[in-house]
2 protein chains.
Amino acid sequence: MVLSGGTSPSISTETHERIVKAAAELGYTPNRFAQALRTSRTMTIACVVPDISNPFYPALMRGVQSVTDGENYDLIAFNTDGTPDRERHFLAWARQGRVDGVVGVFFTLRASDFRPLVESGVPVVRIESSKKQGGPIAIDDIYVDSRAAAEAVTNYLTSRGHTRIAMVAGRGGPQGTRVEGYKAALLAAGGTPHVVIVDEFSEAGGLGAAETVLASGYKPTAIFAANDLMAIGVMQALRERGIEIPGEIAVVGFDDISAAKLVTPPLTTVTQFQRDMGVKAAQILMHRLRGPRGEAGTAIEMPFGLIERNST
Amino acid sequence: MVLSGGTSPSISTETHERIVKAAAELGYTPNRFAQALRTSRTMTIACVVPDISNPFYPALMRGVQSVTDGENYDLIAFNTDGTPDRERHFLAWARQGRVDGVVGVFFTLRASDFRPLVESGVPVVRIESSKKQGGPIAIDDIYVDSRAAAEAVTNYLTSRGHTRIAMVAGRGGPQGTRVEGYKAALLAAGGTPHVVIVDEFSEAGGLGAAETVLASGYKPTAIFAANDLMAIGVMQALRERGIEIPGEIAVVGFDDISAAKLVTPPLTTVTQFQRDMGVKAAQILMHRLRGPRGEAGTAIEMPFGLIERNST
DNA sequence: CTGTTAGCGCATTCAG
DNA sequence: CTGAATGCGCTAACAG
C-alpha cells in the first residue's frame, strides 16, 4: 500500500520510511501490469497527433507530457496522418483498454464517433481549431478560435493600409475557418477578398498558390497564408520574381512554427501557444480522471497571439 | 488463440474466419494487461529522445514507429532533456517492467549503465554519433560516423578553395566528435583550425559564436557550424553585418532539420537520414525481441549525406 | 483435438 | 489493526 502511494494515518512516518527503504534495497517495484489488471487503471495516456514530424505538434506533446509525467502517467504517442482510416483505427485501438485517457487532434472524427469510447470510461480531450459548444457527450474540447485569429490578421493588415489582401490556403483541416475569418474581416473593411485554394498545405502548395495569385491580376499588396509552410512557399515565389517583402507585398502566416522566425525576412504569423494548449488539455484530462466521468462536455477557448516580424 | 494471432494448421481457414467474425460482432477484444501479466510481454517499446521538440528527433521517432506499428507494439515517448538526472530516471523507470525494449538517444549514460536493464531481459538499441565497437553487454548500437562527416564537410570546403574555415560548436552531445573531424581534415589540408565553443547549441549560441569568430581576426571564408540551429544563428550574425553568404563567407550546418532548406540562402548541411536510422534501430530491436537475447552487442554504421544548397 | 485448470502480481475483502 | 484469501482476464500446461 505504501508503495502504491496510498496514505493512511495509521502508519507512522517512521514505519513508512522503513518500508520504502527496504523496498529500495531489495530492488522491489510493483508490477504495473498486475496493478492495471487489478484496478483497471492503466496509468497510461494516449496522445494522438496527425503528424509528429510536423513542427506544430511536438510542442503540444511536450505540454501534455509535462503534466502526465508529474502524475506518473506514461504517454503513448500515436500518429494518424489525419486520415479517416487511421483515425478510426485509433478508436478501435483505444477501446482495447490500453489507456486511461486520450488527448489529441482529430481531423476527420466527429464527437459522436467518440461516444462508444467515452461511454466505456475513457475520457477524451480534443484540441480543436474552431469554436465548440460542449455537447451532451462527455468530451472536453479546447480550442483556439481560428476564425477570430484570421480576422485579427486581416484587421492588422487593413489597419496598416492594405486593402488588396489575397489569401492562400490548403484543403481540409482547420484552414476553412481561417478563410472565413479573412473574408468576413476584409469585406467589413471594404476590401474584396481573393482566395486561392490548393491541394497541398505545404511550401510547394504555397508557391503554386502565390503564382496563381500573381497571375490573376488581383495585384495584392499583402498575402495571407493559412499556415506558415505555405507562407514560406509564397515568400519563395515572390523572391523568384524579385518582388520585395514586405516593400511590395507583405506576407503573413499561421502557426508560428520554428522556421517562421528563421526565414528572410522573419515571418509575421499567429501563434496558438501550443505548449500551453497541451498543458491545459492534459490538466482537463487529469481532472476527468479524478472525478466527474459522466458530466457533459466542456469547451474552453485558448488565446492566440499575433507575432509581428519583418515580413509585414 | 486465434485472436492472439497464433497459427495452427489444425484450424481451418473457415473456422478461423468464423471466430474472428464472432469476436467482432460481440465487440470482444483481449485485455492487453492480462496478457502482459500472464506472458510477461508488454507489447510496448520505449523511445527515448533528448527533446521531442528538437526538429531532429521526430523523424527518427517516425521511423521507429513505422516498424513498431507493424508489429503491434505501442510506442511510449520519453523525453530526457539529455540530462544525467533524467536519463538515470529513465533507467529506473524502464526496470519496472513497463516495456519490452528500448530504442533511444542517450547523451550521458554509458554502456555499463544499461547492464542491469539488459540483464533483466530488456534489450536496448542506442543511436550514437560516433564509431562503436559492440561490447560484451548485449546492447546494439547504430551510429553515424560524425567525425567522418565533419571531415567530409571540411574536405568539401577545401576542395572549393576555402582554407580559412572556422568552426563553431556547442558543449556536450555529439558535437565534440564533429570538431575533431574538422580539425583533422583541415590540418591535413594545410589549413589552421579555429574553433569557438559556446554553451548553447542554439541559434543564439551560433550568433554569439559567429561574432566571436569575426572579432578574432581569423578572417574566415567559411564557417562550419556543429548543427543547423547554430548555422542559422551564424547566418543571422553575418547578415546583420552585411556580409554576403556565400559570396564573402560560406556557411555549412549539420543535421538537415526542416528549417535548413527554408532559410535564405538555403543551408548546405549534412543529413543523417534520421528516419532510416529509426527504422533500422527498430528492426534490430525486433530481431532481439524474437531471438538472441544474450548475444554480444553489435554496432552498425549508417550513412550520412552532404546536401549542397546555396549557402556555399 | 477439445475442455479444464492453475497462477501471473497485485488490490481488495474478509476473518482473526 | 494485521494477516490470509479471492479474483482481475488471460495463456499455457495438462487431462480427457
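In this text, all values refer to a predicted model and were calculated from it rather than measured experimentally. All chains are named by letter (A, B, ...) in the order of the sequence lines, taking the proteins before the strands, and each is independently numbered beginning at 1. Side chains included, hydrogens not; waters and symmetry mates left out as well; all remaining heavy atoms used.
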Inset, instruction - On the 0 to 90° scale, with breaks at 30° and 60°, tag the B/H89-B/F78 ring pair as parallel, tilted or perpendicular. - result: tilted
Inset, instruction - Answer yes or no: is there a side-chain heavy-atom contact under 4.5 Å between B/T80 and B/V48? - result: yes
Check the distance between [N]'s [atom2] and [X]'s [atom1] and give it to me in whole angstrom.
X     : N      : atom1 : atom2 : value
A/R38 : D/dT6  : CZ    : C1'   : 8 Å
A/L37 : D/dC10 : CG    : P     : 9 Å
A/R32 : D/dG9  : CZ    : C1'   : 19 Å
B/R41 : D/dG9  : CZ    : C1'   : 18 Å
A/F33 : D/dG7  : CZ    : P     : 25 Å
B/N31 : D/dG9  : CG    : P     : 7 Å

Inset, instruction - Walk me through it: do A/R95 and A/L91 pass the test side chain to side chain contact (heavy atoms under 4.5 Å, CB included)? - result: CA-CA 6 Å; A/R95 276 207 274 166; A/L91 275 185; 5.6 Å; no
Legend entry - Five-pair end axes of the helix from C/dC1-D/dG16 to C/dG16-D/dC1 and the angle they enclose, rounded to 10°: 60°
Legend entry - Candidates D/dG9, C/dG7, C/dA11 - which lies nearest the side chain of A/Q35: C/dA11
Inset, instruction - Say whether B/Y73 and B/R41, considering side chains only, have a donor N or O and an acceptor N or O under 3.5 Å apart. - result: yes
Legend entry - Neighbour count above 12 (heavy atom, 6.0 Å) for B/K280 NZ: no
Inset, instruction - Locate the shortest heavy-atom distance separating B/D255 from B/N227; write the atom from each residue and the value. - result: OD2-CB, 3.9 Å
